[in-house]
Amino acid sequence: MSSLNVTLPDGSQQQVPEGARPLDVAKSISPRLASDAIVARVNGSLYDLTRPLEANSQLEILTPKNPESLEVYRHSTAHLLAAAVLELFPETKLGIGPPTDTGFYYDFQRDAKFTPEDLEKIEARMRELQSKNLPFERKLTPKQQGLEKYRDDWMKRELIEERAGDIFSEYTLGPNFIDFCRGPHVPSTEKLKAFKLLSIAGAYWKGDEKNPQLQRIYGTAFFTQKELDEYLHRMEEARKRDHRRLGKELDLFSIQELAGPGLIFFHPKGGAVRKVIEDWMRNEYVRRGYSLVYTPHVARSDLWKTSGHYNFYGENMFPRMELEDAEYQLKPMNCPFHILIYRDRLRSYRDLPVRLGELGTVYRYERSGVVHGLLRVRGFTQDDAHIFCTPDQIENEVVDCLQFAIDTLNTYGFTSYEAELSTWDGGASGKYDGSPEQWELGEKALQRATDRLGMKVKISPDEAAFYGPKIDVKLVDAIGRLWQLSTVQFDFTLPRRFGLEYIAEDGKSHQPLMVHRALYGSIERFFGILVEHYAGAFPVWLAPVQAVVLPITDRQNSYSQEVYQTLKDAGFRVELDKRNEKVNLKIREAQLQKVPYMLVVGDREAQSRKVSVRNRKHGDQGAVELTEFLNTLSQVVASKSLQE
């Protein structure tokens, strides 16, 4: 029997018989490695541990320490789910079952609807199958034979026709399950230790709403029960913080079916929070040298043709409107409008930098299946700014943008973030606009700016926007989730498309550099993130109602009205609850509404001109002079303190 040469990651080599498996090599290295092994990397591709080696190979055995292993582990758990479903509901047809960032799912076609009780049965059957140590077996099938075998299964036929080569792989698991799949998988179900089914949802085949709707079962899996328990705890915490539930309970916003999905209605309380958010940003614009502008919501299609959005972004724009003078479209971006303001008059180098900022509402056609509360909507307001400057100004402008982003995060209580610098591929693919000189200038300016601020930044090659390099800042919230927030982006395309110029010191026309910059991202999404970060209990300076006055009986209504008016006249957001209800009920309801301060007024408080202060977090604080409470509240709000 001929032998093969296997090179291991440390450079050592082994001679193995032809047909040897990666698992055999792992066993020869150490029993511990074989026990921990999940999958193999063979000549750069992932292989089943039980797949025979066919040629001399670079071989690496992957364990739970390798990120790719979890993806394979979850993919295998998705197959275990499908096998359990087929045993319990043999009439079911299989869609696809990939791993995800947080687990896995499988799509099924079945006339009857899956129920929560079914999920319990399916998970129990998964555990039965897991305990049998069933192997994941790879089989090779000729394409025509496969098409004939699946002639009554339209989904499998479609996948094979689209994705299969002349010979394709299938995987079996137990007596009832076989599926067209590229793999790889763990050797057997013995490896699958910790998993949990989570939910059922509808899903269109291939994500296309024109296709039949299937039933999708979501689950998650981890290498250890401890990791799974920690994830489920985070999931429960996220459920408690869900901005859609809290938005309804706290009367912050709604989405009205009559108006349509993805369109947000801010209620008075939500509007109060939004005003604070917007006022802070506009004030910072002015303080940092930006000029506030306001632009229309709609423009002729010719503008979008010039900008390139008409052709390259058209599927994300709302349908065109034919008016008597021209074709119009709702704006998906603010940048062309700011460019028109810049271009409206001749600019000198002495005028630069020009910083134009706007809280501008834009509209993007998101499919109804992907809109999600405040986080993905069809109409939203961006804190959008565009900077036009000279090459020698660009680095300082980027530094200022990034510092602005950090200051924004800190103001709202986000102390941890991750930054990512996306660069181009050097022009190899031809998919990026701009010259090598422009890309070098832009990338170096971004890199030097992060160095000057001491920012840790991850470099992401070949992930830039087609029009220029960018830095994205992702915040980390109270339960450790990452949220994409601020972005600073170069643009080499729009200045050229619109023929932007400035007169330089040499008396000649030059093209300015252009930077896109958003910090909140969008008001709606940022609002939703804040709700979840604070679990609805906004810090005092942001709270929709900062204090509520609670008279114990009608006898204190007159003084309570005076307290209420004093706070209101001082500019605070305050309510007066004069309902003929027990004060304990009023306190409980105010607590549920997450009001920071409850000011209880009884006979003693009315006679002494005091208020009895109750804090939502710390409970009773005792009776204090009204002026003393006013001073305390003023200091807390003015400092934007996160403490109460």
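Heads up: numbering here begins at 1 and tracks the sequence.
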* Structure fact -> In W424, F490, F466, Y467, the residue satisfying ring-ring contact (aromatic ring centres under 6.0 Å, His included) with W439 is W424

* Flag if over 12 foreign heavy atoms under 6.0 Å of CG, D208 -> yes

* State whether Y310 and K305 meet the cation-pi test: NZ (Lys) or CZ (Arg) under 6.0 Å from the six-membered ring centroid, and within 45° of the perpendicular axis. => yes

* Apply salt bridge (charged side-chain N to carboxylate O under 4.0 Å, His left out) to the pair R21 and D24, showing each step before the final yes or no. => CA-CA 5 Å; R21 306 170 306 167; D24 300 325; 3.0 Å; yes

* Do Y105 and Y218 have ring centres separated by under 6.0 Å? -> yes

* If every non-hydrogen atom of M333 is compared with every non-hydrogen atom of W304, which pair is closest and at what distance? -> O-CH2, 3.7 Å

* Structure fact -> The side-chain contact (heavy atoms from CB on, under 4.5 Å) partner of F195 among L81, T220, L80 is L80

* Considering all heavy atoms, the nearest P52-G19 contact -> CB-O, 3.5 Å

* Side chain K156, main chain G95, donor-acceptor under 3.5 Å -> yes

* Asked: Donor-acceptor pair, S76 side chain versus V72 backbone, under 3.5 Å?
  -> yes

* To do: Give a yes or no on whether a salt bridge exists between K206 and E162, defined as a side-chain N under 4.0 angstrom from a carboxylate O.
  => yes

* **Closest approach of E18 to S2 (non-hydrogen atoms, all atoms of both residues)** => OE1-OG, 2.6 Å

* Would you say D383's side chain and G521's backbone share a donor-acceptor pair under 3.5 angstrom? -> yes

* Asked: Is any NZ, NE, NH1 or NH2 atom of the basic residue among R376 and E366 found under 4.0 Å from an Asp or Glu carboxylate oxygen of the other?
  -> yes

* To do: Report the C-alpha separation of E322 and Y328 in whole Å, then their side-chain angles, then the decisive distance to 0.1 Å, and conclude whether the side chain to side chain contact (heavy atoms under 4.5 Å, CB included) test is met.
  => CA-CA 6 Å; E322 292 287 349; Y328 285 76; over 6 Å; no

* Asked: Would you say the side-chain atoms of Q329 pair up with the backbone N or O of F318, donor to acceptor, closer than 3.5 Å?
  -> yes

* Pairs involving residues 113-125, ordered by first then second residue, that meet side-chain hydrogen bond (donor to acceptor under 3.5 Å, both in side chains) (sequence neighbours left out) -> E87-R125, T115-E117, T115-D118, E123-R127, R125-E128

* To do: For salt bridge (charged side-chain N to carboxylate O under 4.0 Å, His left out), just list the numbers for K431 and D462, CA-CA rounded to whole Å, side-chain angles, deciding distance to a tenth of an Å, and then say yes or no.
  => CA-CA 10 Å; K431 65 182 180 182; D462 197 19; 3.2 Å; yes

* **Whether over 12 other heavy atoms sit under 6.0 Å from K196 NZ** => no

* Spacing of L494 atom CG and H516 atom NE2 [to the nearest 0.5 Å] -> 5.0 Å

* Compute the ring centroids of F265 and F253, then answer whether they are less than 6.0 Å apart. => no

* Can a cation-pi geometry be assigned to R525 and F527, taking NZ or CZ under 6.0 Å from the six-membered ring centre and within 45° of the ring axis? -> no

* Asked: Under 3.5 Å, is there a donor-acceptor pair between the side chain of R157 and the main chain of L147?
  -> yes

* When you look at V377 and L263, which way does the side chain to side chain contact (heavy atoms under 4.5 Å, CB included) test go after all the steps? -> CA-CA 6 Å; V377 296; L263 302 172; over 6 Å; no

* For A478, does its backbone N or O pair with a side-chain atom of H533 as donor and acceptor, under 3.5 Å? -> yes

* Among R234, R241, H233, side-chain hydrogen bond (donor to acceptor under 3.5 Å, both in side chains) partner for E237 -> R241

* **Criterion side-chain hydrogen bond (donor to acceptor under 3.5 Å, both in side chains) on S301 and E327, from CA distance to verdict** => CA-CA 6 Å; S301 296; E327 179 184 79; 2.8 Å; yes

* Check for a donor-acceptor pair, side chain of N66 on one end and backbone N or O of S69 on the other, with a separation under 3.5 Å. => no

* Taking it one step at a time, do D302 and R300 satisfy salt bridge (charged side-chain N to carboxylate O under 4.0 Å, His left out)? -> CA-CA 5 Å; D302 289 345; R300 285 178 173 171; 5.6 Å; no

* Asked: Is the ring centre of Y73 less than 6.0 Å from the ring centre of F222?
  -> no

* Do K143 and D166 meet the salt-bridge criterion of a basic N to acidic O distance under 4.0 Å? -> no

* Structure fact -> Nearest heavy-atom contact between H267 and S254 is NE2-OG, 2.8 Å

* Structure fact -> Closest heavy-atom pair, A221 versus T77, reported as atoms and distance to 0.1 Å, is CB-OG1, 3.7 Å

* Asked: Under 4.0 Å between a Lys/Arg side-chain N and an Asp/Glu carboxylate O for R32 and D36?
  -> yes

* **Salt bridge present between K470 and E420 (N-O < 4.0 angstrom)** => no

* Is there a donor-acceptor pair under 3.5 Å between the side chain of D242 and the backbone N or O of R244? -> yes

* Would you please indicate yes or no on a ring centroid separation below 6.0 angstrom for F104 and H75? => no

* Can you list the steps and then say if I529 with L475 is a side chain to side chain contact (heavy atoms under 4.5 Å, CB included)? -> CA-CA 10 Å; I529 292 170; L475 65 85; 4.3 Å; yes

* **Exercise: identify the closest heavy-atom pair between L86 and T92** => CD2-O, 3.4 Å

* So does K149 pair up with E170, basic N to acidic O under 4.0 Å? -> yes

* Would you say K191's side chain and H185's backbone share a donor-acceptor pair under 3.5 angstrom? -> no

* Does E190 CD have over 12 foreign heavy atoms under 6.0 Å away? -> no

* **Atom OH of Y365 with >12 non-hydrogen neighbours under 6.0 angstrom** => yes

* **Geometric cation-pi criterion R110 and F108, 6.0 Å radius, 45° cone** => no

* Honestly, is R182 close enough over F168, meaning NZ or CZ under 6.0 Å from the six-membered ring centre and within 45° of the axis? -> no

* Show the numbers, then the answer: is there a side chain to side chain contact (heavy atoms under 4.5 Å, CB included) between L62 and I38? => CA-CA 6 Å; L62 304 186; I38 298 295; 5.6 Å; no

* Flag if over 12 foreign heavy atoms under 6.0 Å of CD, E91 -> yes

